[in-house]
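Structure first, then comments.
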Amino acid sequence: MDAINDKMHARREARMTGWMKRALPAVAIALLAGCATPPQQRAGLDRIEHVIVIYAENRSFDNLYGLFPGANGIANATPAQYTQVDHDGKPLPHLPPVWKGNTANADPAFPKDLPNRPFRIDAPPVNLPLSVKTRDLIHAFYRNQEQIDGGRNDRFAEASDAGALVMGYYDGSQLPMWKWAQEYTLADNFFMGAFGGSYLNHVWLICACTPIDRNAPANQRAQVDDRGWLARKPSSPPSVLDGPPQFLAGPVTPDGYSVNTTQPPYQPSIVPPAKGADPRLTDPAKYTLPPQTQTTIGDTLSAKGITWTWYSGAWDDAVKDGMQPPEAKRVVINYREPGGKNFITHHQPFNYFANYAPGTAAREAHLKDEKDLLAGIAKGELPQVVFYKPQGSLNEHPGYADVLSGDEHIADIVARIKASPLWPTAAIIVTYDENGGFWDHVAPPKGDRWGPGTRIPAMVISPFAKKHHVDHTQYDTTSILKFITRRFALTPLPGVRQGAGDLTQAFEF
């Protein structure tokens, strides 16, 4: 009897299937069958199943790609775009020394009187290759605006603590990512989303918003002059030739926006947990950013059912390290000894938001370690949207990382993706969080109070990216959000800039 019933059911199913094929369009049949349209039959952006964003550190476009053929590079810079002025607005007779630390001691690795123009770091008379670290350079919210100086880009040296180093650049043609840029698309008109440093630009990458800290104490608030720049201390040298300037700085604007590096309220954080308290949190007696509640791209992706993950180098180790008692020595968080993983806490933007606090399901689902990314690439199984932040030793940040090691690391990640089953439907976006204090000759477009800031490198690597192409479209960091939003039909984030492109000009289908 069961066999007879099975045959009758099969005949009815066959008749229904035949009727459906005659009466319904092909797309409806696919939906009713529970099957997605095969990738080769999709059109345009729908062919992209995985958007992978790799976020490196602290390089202006001219610093690494100023010699790239076909790009708007250093050869196009006029004296009006590179001549640096002193505090009084008069052109410098030569560049200041490269200062060691925050002192007026000159670094002997650099000549003291370099001409007032860009210079090669990896060529005579300096000769420091891409594999050698330089000192760090100040890269902060108000100073970036002073350096840009209304688009003149003539105050990079006088507002920096690094002197002449701001005007240094490399021949990047030896970098493996340069080769990827040659094969696919390099964007030469892409700007950092916000003025200043890594902290603010990481937040802008995920929410196009500035953190709010209305109750910040007075000693955390910047003092600003009538030009909107940082006020100088009375002890600040009268000329940048005499030493680096000294400012009345603070991480919070006078009206309560957090714009420079502030620690997250959750571990991993430089601020340890309180003794005997919840080890997943920071000591409430110490100053950290309050948990943020603005809408992020992660929130909009989750609301639409789109899978996503923020992967970080050394995340798992840093979480454990952060939960150590306050008297314990930390060996991962900002540990800058040779061979250390050097996890940078302010490069983890979701760790500032209440929706991703320790103990939440969202944190468990979406914040993961680099080893999980590598395993997913090897299997050909990644979320639809991926953000990847390399650990400090591999992120190209001046001061604690060289360029070459990080560039090789990122190129290896790209090569792994291309060799994986993910590649036929992947779009990889590689860019930098901000300029790291380095000069660039192109004036940023006019935006809003928060940015955009200085021009940075960005490239699009994909089977659908234009080949051997330099894209001159105006973009900024929020263009990444616009691209993800357009591809997955998300609710747009309010802070995304209307004047910036959405990266679709880098593709051809």
Side-chain angles (χ1 to χ4, degrees), residues 53-55 57 193-194 197-213 216 251-252 257-274 277-284 286-302 308-324 326 330 332-335 341-373 383 385-392 395 397 433-434 477 481:
V53 180
I54 302 176
Y55 215 39
E57 284 288 308
S198 298
Y199 162 75
L200 185 56
N201 277 283
H202 279 75
V203 175
W204 269 75
L205 172 65
I206 68 163
C207 78
C209 66
T210 298
I212 298 170
D213 193 0
V252 182
Y257 288 93
S258 179
V259 293
N260 289 325
T261 301
T262 304
Q263 288 302 303
Y266 314 125
Q267 299 300 338
S269 175
I270 288 179
V271 177
D278 188 337
R280 302 173 302 174
L281 309 179
T282 58
D283 185 343
K286 302 234 171 80
Y287 174 67
T288 61
L289 186 73
Q292 299 294 291
T293 58
Q294 299 97 314
T295 301
T296 69
I297 189 68
D299 301 328
T300 61
L301 288 164
S302 294
W308 67 276
T309 298
W310 178 282
Y311 295 97
S312 299
W315 170 258
D316 287 348
D317 288 339
V319 169
K320 295 175 184 176
D321 202 33
M323 293 170 64
Q324 296 295 318
R330 296 178 172 204
V332 177
I333 295 173
N334 283 43
Y335 186 70
K341 293 185 176 181
N342 192 13
F343 181 89
I344 309 300
T345 57
H346 63 269
H347 294 174
Q348 312 300 320
F350 287 104
N351 199 36
Y352 290 86
F353 284 79
N355 282 351
Y356 304 95
T360 61
R363 184 184 185 92
E364 185 69 22
H366 300 298
L367 306 187
K368 296 185 181 296
D369 193 272
E370 176 199 356
K371 65 177 180 288
D372 301 308
L373 171 68
V385 176
V386 164
F387 298 93
Y388 172 54
K389 186 69 200 182
Q391 66 189 43
N395 66 16
H397 192 298
D433 61 343
E434 36 94 355
T477 305
L481 298 177

Any chance you could measure His202, atom NE2, to Thr261, atom OG1, to the nearest 0.5 Å? 10.5 Å

Distance-only side-chain donor-acceptor flag, Asp299 / Ser302, under 3.5 Å: no

Under 3.5 Å, side chain of Glu434 to main-chain N/O of Ser198, donor-acceptor pair present? yes

Just by distance, do the side chain of Gln292 and the backbone of Gln294 share a donor-acceptor pair under 3.5 Å? no

Could you pull out the closest heavy-atom pair between Ala318 and Pro268, with the gap in Å? O-CB, 3.5 Å

Distance-minimising heavy-atom pair for Pro284 and Ala274: CD-CB, 4.2 Å

Would you sort out whether Phe343 and Asn334 count as a side-chain contact (heavy atoms from CB on, under 4.5 Å), showing the intermediate values? CA-CA 5 Å; Phe343 181 89; Asn334 283 43; 5.9 Å; no

Check Pro349 against Ile206 and note the closest heavy-atom contact, atom names and distance. CB-CD1, 3.5 Å

I want to check something: taking the side chain as every heavy atom from C-beta on, are Arg363 and Pro358 in contact at a cut-off of under 4.5 Å? yes

Side-chain (Thr345) to main-chain (Ser269) donor-acceptor, under 3.5 angstrom: no

Check Asp316 with Lys368, please: is the shortest side-chain N to carboxylate O separation under 4.0 Å? no

Side chains of Gln348 and Trp315 in contact at under 4.5 Å (non-hydrogen atoms): yes

Separation between OG (Ser312) and CG (Asn351), nearest 0.5 Å, reads 9.0 Å

Intermediate values then yes/no, side-chain contact (heavy atoms from CB on, under 4.5 Å), Val319 and Arg280: CA-CA 8 Å; Val319 169; Arg280 302 173 302 174; over 6 Å; no

Is there a donor-acceptor contact under 3.5 Å from the side chain of Asp321 to the main chain of Val332? yes

Counting C-beta onward and ignoring hydrogens, is there a side-chain heavy-atom pair between Pro211 and Thr262 closer than 4.5 Å? no

Quick one: are Pro383 and Thr309 in side-chain contact, heavy atoms under 4.5 Å? yes

Apply side-chain contact (heavy atoms from CB on, under 4.5 Å) to residues Asp433 and Leu205 and explain how you reach the verdict. CA-CA 8 Å; Asp433 61 343; Leu205 172 65; over 6 Å; no

Keeping Asp372 on the side-chain end and Asp369 on the backbone end, is there a donor-acceptor pair under 3.5 Å? yes

Tell me, do Tyr311 and Val386 make a side-chain contact under 4.5 Å, heavy atoms counted? yes

Spacing of Asn355 atom CG and Thr293 atom OG1 [to the nearest 0.5 Å]: 8.5 Å

dist Ile333:CD1 -> Lys320:NZ (nearest 0.5 Å) comes out at 13.0 Å

Does Asp213 form a side chain to side chain donor-acceptor pair (under 3.5 Å) with Tyr287? I'd like the steps, not just the answer. CA-CA 11 Å; Asp213 193 0; Tyr287 174 67; 2.4 Å; yes

Can you label the angle between the Tyr356 ring and the Phe350 ring as parallel, tilted or perpendicular, going by 30° and 60°? perpendicular

Before accepting this row, confirm whether a basic side-chain N of the pair Glu57/Lys389 lies closer than 4.0 Å to the acidic partner's carboxylate O. yes

Does a side-chain heavy-atom distance below 4.5 Å link Leu289 with Gln263? no

Is a side-chain N or O of Thr282 found less than 3.5 angstrom from the main chain of Pro265, in a donor-acceptor match? yes

When you look at Asn395 and His347, which way does the side-chain contact (heavy atoms from CB on, under 4.5 Å) test go after all the steps? CA-CA 11 Å; Asn395 66 16; His347 294 174; 3.7 Å; yes

Which pair of heavy atoms, one from Cys207 and one from Phe353, lies closest together, and at what distance? SG-CZ, 4.1 Å

Is there a side-chain contact between Tyr55 and Asn201 in this structure, where contact means two heavy atoms from C-beta onward sitting under 4.5 Å apart? yes

Rounded to the nearest 0.5 Å, what separates atom CG in Leu200 from atom OG1 in Thr210? 5.0 Å

Below 6.0 angstrom between ring centroids: does that apply to Tyr199 and Tyr352? yes

If you count the non-hydrogen atoms of other residues, nucleotides and ligands that lie under 6.0 Å from NZ in Lys286, is the total more than 12? no

For the aromatic rings, using the six-membered ring if either is Trp, is the centroid distance between Trp310 and His366 under 6.0 Å? no

From Arg330 CZ over to Tyr335 OH, what is the distance, rounded to the nearest 0.5 angstrom? 14.0 Å

